[in-house]
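Below: the structure, in structure tokens.
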Amino acid sequence: LPARSRKWTYANNSRTFSSRIKHQPGDMNAAAVSLGEIVESAVESHRGKIGSLLPVLHSVQEELGFVPADAVPMIAAALNLSRAEVHGVIGFYADFRTEPAGDHTVWLCRAEACQAMGSRELERHAMESLGIGFGETTADGRITLEPVFCLGNCACSPSIRIDDDIHARVSADRFDELIVSLVVEDS
């Protein structure tokens with residue numbers, strides 16, 4: 001599966017995750033690994049580096065798609081930090097998720113240039129049409145909506161990013177077309 005649509009599962013509180021990161025799409029023999037193994041691997045790959053907390057958090061999120069609450073005390077202990085310090089970093093940086101995202105993430109630019117060109121209206125339309133707010137995922141788990149404060153596409157605003165693709169001059173109608181294409185692509 002592409003990095004943006006990795007799946008995860010808890011197995012009856014055993015903290016076992018289905019990890020597909022080292023496997024090809026469609027490989028149903030993906031190894032189930034424990035959260036402890038994922039954290040240990042992330043810590044070991046960054047051990048001894050100054051400021052290793054950020055790379056460790058990125059590694060865990062890369063593997064699982066989010067940083068589970070159960071990982072926080074493990075990371076804190078491994079890096080000789082308090083749980084509060086780890087929580088503080090997760091909470092400070094908007095890129096870290098504590099819950100899994102949908103199969104696709106839609107980032108809607110909220111910077112001034114996009115606002116001047118109608119992103120507020122697009123924001124309202126996106127929330128209405130998806131039935132979710134920022135930081136939320138649709139009930140079917142397909143789409144997560146996130147705010148972003150600049151996509152660097154100011155001359156072509158309003159802009160949105162869907163997974164790894166930036167779309168310019170997005171109207172409400174164009175937004176709907178893009179969302180429908182995601183649904184069709186997944187079918």
Side-chain angles (χ1 to χ4, degrees), residues 1-111 130 132-152 161-166 186:
L1 293 173
R4 65 181 180 262
S5 62
R6 282 192 198 97
K7 300 295 182 189
W8 63 276
T9 55
Y10 266 117
N12 300 328
N13 292 329
S14 67
R15 296 184 184 101
T16 299
F17 292 82
S18 295
S19 171
R20 293 176 177 243
I21 194 164
K22 295 177 178 66
H23 302 279
Q24 295 300 316
D27 181 359
M28 300 314 289
N29 296 318
V33 293
S34 72
L35 179 57
E37 291 170 321
I38 291 168
V39 169
E40 183 179 330
S41 173
V43 169
E44 284 306 314
S45 65
H46 302 288
R47 185 168 301 284
K49 295 179 185 172
I50 296 174
S52 60
L53 178 56
L54 282 173
V56 167
L57 290 171
H58 280 292
S59 293
V60 170
Q61 183 158 296
E62 177 70 21
E63 181 75 22
L64 300 173
F66 71 112
V67 180
D70 291 346
V72 171
M74 294 177 200
I75 294 168
L79 298 178
N80 197 28
L81 298 169
S82 71
R83 287 185 286 180
E85 289 173 298
V86 177
H87 275 295
V89 170
I90 293 169
F92 180 79
Y93 291 102
D95 286 344
F96 292 119
R97 302 190 57 80
T98 56
E99 298 291 328
D103 295 335
H104 302 281
T105 302
V106 175
W107 286 273
L108 200 144
C109 185
R110 302 185 77 201
L130 295 173
I132 57 174
F134 285 129
E136 297 177 353
T137 301
T138 56
D140 62 5
R142 287 187 179 191
I143 299 170
T144 297
L145 184 63
E146 295 287 355
V148 65
F149 291 93
C150 191
L151 290 170
R161 176 179 163 193
I162 299 176
D163 299 326
D164 294 327
D165 300 319
I166 294 178
D186 288 348

Can you name the closest pair of heavy atoms from [X] and [Y] and give their distance?
X	Y	result
Met74	Asp70	CE-O, 3.6 Å
Pro100	Phe66	N-CG, 3.7 Å
Leu79	Ser52	CD2-OG, 3.5 Å
Leu35	Ala71	CD2-N, 3.7 Å

Rounded to the nearest 0.5 Å, what separation is found between the [atom1] atom of [X] and the [atom2] atom of [Y]?
X	Y	atom1	atom2	value
His58	His46	NE2	NE2	9.5 Å
Leu145	Thr105	CG	OG1	9.5 Å
Asp103	Asp140	CG	CG	8.0 Å
Glu37	Glu44	CD	CD	13.0 Å
Leu108	Arg161	CG	CZ	13.0 Å

Taking the side chain as every heavy atom from C-beta outward, state whether Pro55 and Lys49 have any atom pair closer than 4.5 Å.
-> no

query = Is the closest side-chain heavy-atom distance between Leu130 and Ile143 below 4.5 Å?
reply = yes

Exactly one candidate in Val60, Val86, Leu57 meets side chain to side chain contact (heavy atoms under 4.5 Å, CB included) with Val72; the answer is Val86

Tell me whether Asn80 at atom CG has more than 12 heavy atoms from other residues, nucleotides or ligands lying less than 6.0 Å away.
no

- prompt: Has Tyr93 got more than 12 heavy atoms of other residues, nucleotides or ligands less than 6.0 Å from its OH?
  reply: no

Report task. Report the C-alpha distance between Arg47 and Val43 in whole Å, list the side-chain angles of each, state the deciding distance to 0.1 Å, and finish with yes or no for side chain to side chain contact (heavy atoms under 4.5 Å, CB included). Result -> CA-CA 6 Å; Arg47 185 168 301 284; Val43 169; 3.3 Å; yes

Can Arg97 and Glu146 be counted as an ion pair, charged N to O under 4.0 angstrom? yes

*Before giving the answer on side chain to side chain contact (heavy atoms under 4.5 Å, CB included), spell out for Leu81 and Ile75 the whole-Å C-alpha distance, their side-chain angles and the decisive distance to 0.1 Å.*
CA-CA 8 Å; Leu81 298 169; Ile75 294 168; 5.8 Å; no

Donor-acceptor check, side chain of Gln61 to backbone of Asp95, threshold 3.5 angstrom: yes or no?
yes

Using only atom types and a distance under 3.5 Å, with no angle test, would you say the side chain of Ser59 pairs donor to acceptor with the backbone of Ala42? no

- Side chains of Asp186 and His104: is there a donor and an acceptor less than 3.5 Å apart? yes

What's the verdict on side chain to side chain contact (heavy atoms under 4.5 Å, CB included) for Thr98 and Ile90, showing C-alpha distance, side-chain angles and the deciding distance?
CA-CA 8 Å; Thr98 56; Ile90 293 169; 3.6 Å; yes

Problem set entry | Pair Phe96-Leu54, side chain to side chain contact (heavy atoms under 4.5 Å, CB included): steps then yes or no | CA-CA 10 Å; Phe96 292 119; Leu54 282 173; 3.7 Å; yes

